[in-house]
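What follows is a short report on a single structure.
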Number of protein chains: 2
Amino acid sequence: MSDLLERLRGRGWRLTAQRRVVAEVLDGDHVHYTADEVHALATERLPEISRATVYNTLGELVSLGEVLEVSTDGRAKRYDPNAHHDHQHLVCSRCGTIRDVHLQGDPLSALPEPERYGFEVSEVTVTYRGLCPTCSGHHA
Amino acid sequence: MSDLLERLRGRGWRLTAQRRVVAEVLDGDHVHYTADEVHALATERLPEISRATVYNTLGELVSLGEVLEVSTDGRAKRYDPNAHHDHQHLVCSRCGTIRDVHLQGDPLSALPEPERYGFEVSEVTVTYRGLCPTCSGHHA
DNA sequence: ATCCTACATTGGACATTGTCTAAGTCAAGA
DNA sequence: TCTTGACTTAGACAATGTCCAATGTAGGAT
């Protein structure tokens with residue numbers, strides 16, 4: 001996502017210090033921050049940035065398809081910059097850590113036609129849950 | 001789930017009017033209410049029931065494994081009484097309708113060992129999204 | 001049948017997450 | 001450099017969920 005800013009500018013995105021900082025915070029393939037975490041990290045680089053702008057910018061990045069919105073639990077949504085490689089998530093039920101994982105086969109094909117009830121199915125998300133190595137050690 | 005109350009009593013659940021009403025509201029296989037919806041419906045039968053009790057009772061039913069918690073979007077969680085038949089969900093991206101669906105094969109097997117990163121994977125949820133027949137008609 | 005008491009319920013304050021708006025600020029083209 | 005429409009801001013507001021002290025009650029004990 002190193003040339004994200006270039007791509008966005010090409011699409012007529014007005015480049016501001018705030019937007020640059022949010023994009024920089026999200027840069028990195030294994031990052032799944034909440035909006036508040038993004039805000040906290042952005043604040044380190046640009047102390048005046050407001051919560052509203054972080055929410056706005058994240059929403060725009062999602063609309064532009066540059067970042068994915070992930071809501072694993074009922075808590076805060078997380079933002080996943082790895083939008084250009086198809087993947088799913090593996091979540092630790094104890095500590096909440098998220099890892100990107102890659103599946104064998106297309107999960108869409110696991111849903112038979114008669115189970116589609118006339119829907120135009122266009123998307124599927126698969127979330128695996130379990131204990132991560134660290135957490136499963138705790139209670140052994 | 002007709003004998004849910006029996007089962008719960010057998011487990012030492014103290015049966016109160018409030019708990020009975022919440023369980024009755026959830027009775028039905030194709031129901032995916034939010035806590036607020038459950039509260040509204042419960043209030044029709046037992047006007048004094050409080051929000052806190054609805055939340056408490058739903059939480060207990062989930063802990064007891066009698067009801068599933070489903071959070072499809074980042075909005076309110078929904079409660080699914082169909083906890084004894086393995087199934088997944090198909091959600092309309094426009095109106096939010098949820099249908100239970102049954103998959104071919106076990107989605108757990110789609111995650112190769114090297115993609116498990118040492119996790120003890122115990123659960124998988126699959127959510128299909130698309131337009132339901134009614135909503136896909138709208139924009140045709 | 002009545003009493004006890006541990007457990008359940010209640011209302012309302014509080015917490016978290018997210019949205020909206022009016023007023024001020026600024027990036028970038030002319 | 002100037003202008004202008006888009007961006008940012010603070011803070012009010014909304015939606016959802018949690019917590020607590022006071023009160024009520026289901027169900028076993030008597």
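Below, each value reflects all heavy atoms present in this structure, side chains not excepted, and no hydrogens, waters or symmetry copies. Throughout, protein chains are lettered first and strands after them, A, B, ... in sequence-line order, and every chain is numbered starting at 1.
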Enumerate, atom names and distances included, each donor-acceptor pair closer than 3.5 Å involving a side-chain atom of residues 108-115 of chain B, sequence neighbours excluded.
from	atom 1	to	atom 2	distance (Å)
B/Ser109	OG	B/Asp106	O	2.7
B/Glu115	OE1	A/His102	N	2.4
B/Glu115	OE1	A/His102	ND1	3.2

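- Rounded to an integer number of Å, the gap from CG of B/Leu15 to P of C/dC7 is 17 Å.
- Side-chain to base pairing of B/Arg14 with C/dC7: one donor and one acceptor N or O lie within less than 3.5 Å of each other.
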Given the rule in the side-chain hydrogen bond (donor to acceptor under 3.5 Å, both in side chains) test, do B/His32 and B/Asp100 qualify, once you have shown the distances and angles that lead to the verdict? CA-CA 10 Å; B/His32 301 88; B/Asp100 290 358; 2.8 Å; yes
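- Residue A/Asp36 places its side chain closer to C/dT17 than to any other of C/dG11, D/dA10, C/dT17.
- Side-chain contact between B/His89 and B/Tyr128 is absent, with no heavy atoms from C-beta onward closer than 4.5 Å.
- Contact annotation for B/Thr53: base contact, defined as any heavy-atom pair under 4.0 Å involving a base atom.
- Annotation: of the two residues near DNA chain D, A/Arg51 and B/Arg9, the 5′-most nearest-nucleotide partner is A/Arg51.
- For the 3.5 Å distance criterion, the side chains of A/His87 and A/Asp80 qualify, holding a donor opposite an acceptor.
- Side-chain proximity of B/Gln18 to C/dC20, C/dT9, D/dG5: nearest is C/dT9.
- Set against C/dT10, C/dG18, D/dT8, the side chain of A/Ala76 has C/dG18 as its closest nucleotide.
- Rounded to a whole Å, the CD atom of B/Glu60 is 6 Å from the P atom of C/dA8.
- Going from atom CG of A/Asp73 over to atom P of D/dT16 covers 16 Å, rounded to whole Å.
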